[in-house]
**Q** 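Structure in structure tokens, see below.
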Amino acid sequence: MHLSPALVPLCRRLGPVLAAADFAESTVAHRLGAAYGCLSRGEPGPVEAAAPGDAPLDVLIRLFLAAAPVSRPQVDDALAPVTVDEAVASGLLEPDPDDPTRVRAALSLRPLDLPDGPQWFVSDLDGLMRPHPQHREHVLGVGHASQSLLRATPRERTGTVLDLGTGCGVHACAAARFAGAVTATDVSERAAGFAAASAALNGVDVEVLTGDWFAPVAGRTFDLLLANPPFVVGEGRVDHTYRDSGLDLDGASELVVRGAPSHLADGGTAALLASWVHRDDEAWQARVASWLPPEGVAAWVLQRDVADPALYVGTWLRDEGLDPRVGEGRAKSDRWLAHLSDAAVTGIGFGFVFLRSIDGPSEVVCEELSHPFDDPLGDEVPEHFARTTLLRDLDLDAARPLLGDDIALERVSVRNGDEGWDEVAVRATRMSGPRWTHEIDDAGARLLAGCRGELTTEDLVILLEAATGADGLAEPARRLLADLHRHGFVTFL
């Protein structure tokens, strides 16, 4: 299913119109007020009622966010100098089948607020406001997975960026604001067309290539590699190209994680979304680590969630508009769950794989990060790799640890009858970034209290052993300080 060749040049003219109308998430939220939540619940009525006017912003909200029919004169005024006839000819709009004096969106066009201002993305209609069947080549807009990867993307100035499996171009367009050159690839010609249209809409330069996986960029390396691949753990068939890879189980994630290191420039970074299966006879950490080469890469793997197979399958079936309880949905659910059971899958993990090209043996750190946090994870990625690099050659005993200003110490006690309170836990929590928490003991709390950047680790251990009367604290202290440094609690002077 090919897009009209008129879509890209029309989007190039339409971008300034959207900017002039202040068509941004924050502005829409302010305009809609309490009705803003209806956008995520698929309730067009309150959205239309909250934006009834002729102003361009109101018309754009009704037309593209509520997917409602709007009178042609109103749309002509809102899109000027782009005309309704041009928008219809490009495939962006279509006549309302119930009233030829009105038009409605034929494609999705949505704003996304980024740290450096809004962008806009064009894709297939998502079916939320106007239910309709999804075809095999359906191209998603800005979904939850895309937003997760956006928040996990390092936004430092960089040279070249590859957005592998670009879809409608979300990550490519966002990266164009901090990169010298951006390349986007997708196996789907339709997705590539949408990516080019989104780039035109945002006035950014993106090289868009079509082909399977890394084939379009064979032999090329990049400073930053981003991928939100079709990572759904399934039967090895393709029902929807945006989510199904045709590879069995977690084969798509394995392919991307295995292939990414060879496409990283020296010191380059990859930020990947991935899924992996859980089995009783195999640790998930070992499974993901087996996908990485023995040399040349530092990996930071964060598992954000683990889903029960039944919940996982039901969620994805509903995503494509099927009810897993009846008819086609029930048949597909039974087949999918049987396949997972035959493969001894007990759960499906989901999260991030961050890679950094290094010299020497590969290093793999796998962690759980299931608790909520607010700060963008992308800010943490370069800091994590900088900290792990420092630890490789650091003389920990001679270094002077300094505790960060954003560290909180929590002591938890339980009532012990009439005799007062018994302390059962001591926790140190970093109040920024991923909000890591470490369970420590009283000796660990005393050690942290001494981390003022004045004494070496060796001196702190000597004082701690004298204060507690305990011996053999050197190695536990080194391990604790190394872990706390890796999580941003402690720096070394």
Side-chain angles (χ1 to χ4, degrees), residues 11 14-80 82 84 87 92-94 96 98-99 101-132 134 139-151 167-170 173-174 194 197-198 201-202 318-319 321 372 374 376:
C11 284
L14 186 58
V17 175
L18 303 179
D22 204 6
F23 189 44
E25 284 185 295
S26 56
T27 312
V28 170
H30 183 265
R31 180 69 182 104
L32 295 181
Y36 185 69
C38 297
L39 289 174
S40 61
R41 297 196 297 268
E43 301 169 8
V47 175
E48 290 184 66
D54 295 335
L57 180 60
D58 278 17
V59 174
L60 293 172
I61 289 173
R62 297 199 306 277
L63 185 64
F64 292 116
L65 301 187
V70 181
S71 74
R72 294 177 69 98
Q74 285 181 316
V75 177
D76 258 327
D77 289 344
L79 299 188
V82 175
V84 166
L92 180 64
L93 302 180
E94 64 185 14
D96 178 15
D98 298 323
D99 183 351
T101 68
R102 302 187 301 180
V103 292
R104 64 182 190 177
L107 301 173
S108 174
L109 195 163
R110 288 182 171 265
L112 176 68
D113 287 0
L114 296 171
D116 43 13
Q119 287 190 327
W120 305 275
F121 299 95
V122 60
S123 65
D124 281 313
L125 287 172
D126 60 16
L128 189 63
M129 288 298 189
R130 192 195 308 155
H132 62 280
Q134 290 183 358
V139 176
L140 287 181
V142 184
H144 293 300
S146 293
Q147 295 191 55
S148 294
L149 184 57
L150 280 171
R151 290 176 58 82
C168 72
V170 174
C173 292
F194 276 126
S198 293
L201 204 57
N202 292 292
R318 291 185 179 93
D319 179 75
D374 295 324

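What you see is a predicted model; the values in this text were computed from it and never measured.
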**Q** Is it true that a side-chain atom of N202 and a backbone atom of G15 form a donor plus acceptor pair closer than 3.5 Å?
**A**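 No; zero donor-acceptor contacts below 3.5 Å.
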**Q** Before giving the answer on side chain to side chain contact (heavy atoms under 4.5 Å, CB included), spell out for L201 and F121 the whole-Å C-alpha distance, their side-chain angles and the decisive distance to 0.1 Å.
**A** CA-CA 7 Å; L201 204 57; F121 299 95; 6.0 Å; no
**Q** Can you tell which of R72, E94, Q74 makes a side chain to side chain contact (heavy atoms under 4.5 Å, CB included) with V103?
**A**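 In the set R72, E94, Q74, the residue that makes a side chain to side chain contact (heavy atoms under 4.5 Å, CB included) with V103 is R72.
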**Q** Would you please name every residue forming a side chain to side chain donor-acceptor pair (under 3.5 Å) with D374, sequence neighbours left out?
**A**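 D374 satisfies side chain to side chain donor-acceptor pair (under 3.5 Å) with no residue once adjacent residues are dropped.
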**Q** Does any non-hydrogen side-chain atom of V142 lie less than 4.5 Å from one of R110?
**A**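 The answer is no, as the side chains (C-beta and beyond) never meet within the 4.5 Å cut-off.
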**Q** Is the backbone of D54 close enough, under 3.5 Å, to the side chain of D58 for a donor and an acceptor to pair up by distance?
**A**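 No; zero donor-acceptor contacts below 3.5 Å.
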**Q** Would you say the side chain of L57 lies within less than 4.5 Å of the side chain of D22, judging by non-hydrogen atoms?
**A**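 Not touching, per the 4.5 Å side-chain cut-off.
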**Q** Would L60 and V28 count as a side chain to side chain contact (heavy atoms under 4.5 Å, CB included) if you check the C-alpha gap in whole Å, the side-chain angles of each, and the deciding distance to 0.1 Å?
**A** CA-CA 10 Å; L60 293 172; V28 170; over 6 Å; no
**Q** Considering residues at least two apart in sequence or located in another chain, which fulfil the salt bridge (Lys or Arg N to Asp or Glu O under 4.0 Å) criterion with R102?
**A**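 If we apply the salt bridge (Lys or Arg N to Asp or Glu O under 4.0 Å) test to R102, skipping adjacent residues, the hits are D96, D99.
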**Q** Measure the shortest side-chain to side-chain distance between F23 and V17 over non-hydrogen atoms and say whether it is less than 4.5 angstrom.
**A**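 Side-chain contact under 4.5 Å: no.
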**Q** So, S108 side chain and D126 main chain: donor-acceptor pair closer than 3.5 Å or not?
**A**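 No: the side chain of S108 does not pair with the backbone of D126.
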**Q** Out of curiosity, F64 CZ to L125 CG, how far, rounded to the nearest 0.5 Å?
**A**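 Here the rounded value is 10.0 Å.
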**Q** State, yes or no, whether a side-chain contact exists between R62 and V47 at a heavy-atom distance under 4.5 Å.
**A**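 Sidechains of V47 and R62: no contact.
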**Q** Of all heavy-atom pairs between P52 and A50, which one has the smallest distance, and what is that distance?
**A**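 Heavy atoms of P52 and A50 come nearest at CD-C, 3.4 Å.
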**Q** Under 4.5 Å between any side-chain heavy atoms of V170 and L149, yes or no?
**A**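 They are not in contact (no side-chain heavy atoms under 4.5 Å apart), so the answer is no.
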**Q** Restricting to non-hydrogen atoms, name the atom on S123 and the atom on C168 that form the minimum distance, rounded to 0.1 Å.
**A**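 Distance-wise, the nearest heavy atoms are CB-CB, 4.0 Å.
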**Q** What I'd like to find out is whether the side chain of D77 reaches to under 4.5 Å of the side chain of V59, using heavy atoms alone.
**A**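 No. Closest side-chain heavy atoms not under 4.5 Å.
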**Q** Look only at the side chain of D113 and the backbone of S26, and say whether a donor-acceptor pair between them is shorter than 3.5 Å.
**A**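 Indeed, once roles are kept as given, a pair shorter than 3.5 Å links the two residues.
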**Q** Just how far is it from atom OG of S146 to atom CG of L112, taken to the nearest 0.5 Å?
**A**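 S146 OG to L112 CG: 9.0 Å, rounded to 0.5 Å.
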**Q** For the CG atom of L92 and the CG atom of L63, what is their distance to the nearest 0.5 Å?
**A**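 Answer for the CG-CG pair, L92 versus L63, is 7.5 Å.
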**Q** Please examine the side chains of D124 and L107, heavy atoms only from C-beta on, and report whether any two atoms are closer than 4.5 Å.
**A**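 Yes; the side chains approach each other to less than 4.5 Å.
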**Q** So how far is it from C11 SG to L18 CG, rounded to the nearest 0.5 Å?
**A**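 The distance works out to 8.5 Å.
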**Q** So S71 and T101, do their side chains get closer than 4.5 Å, heavy atoms only?
**A**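 They are not in side-chain contact.
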**Q** Sub-3.5 Å donor-acceptor pair from the side chain of E48 to the main-chain atoms of A68, do we have one?
**A**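 No; zero donor-acceptor contacts below 3.5 Å.
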**Q** Do you know the tightest heavy-atom contact between A24 and P111?
**A**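 Of all heavy-atom pairs spanning A24 and P111, the closest is CA-CB, 3.9 Å.
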**Q** If you look at every heavy atom in G167 and V139, which pair is closest and at what distance?
**A**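 Smallest heavy-atom distance, with atoms named: C-CG1, 4.0 Å.
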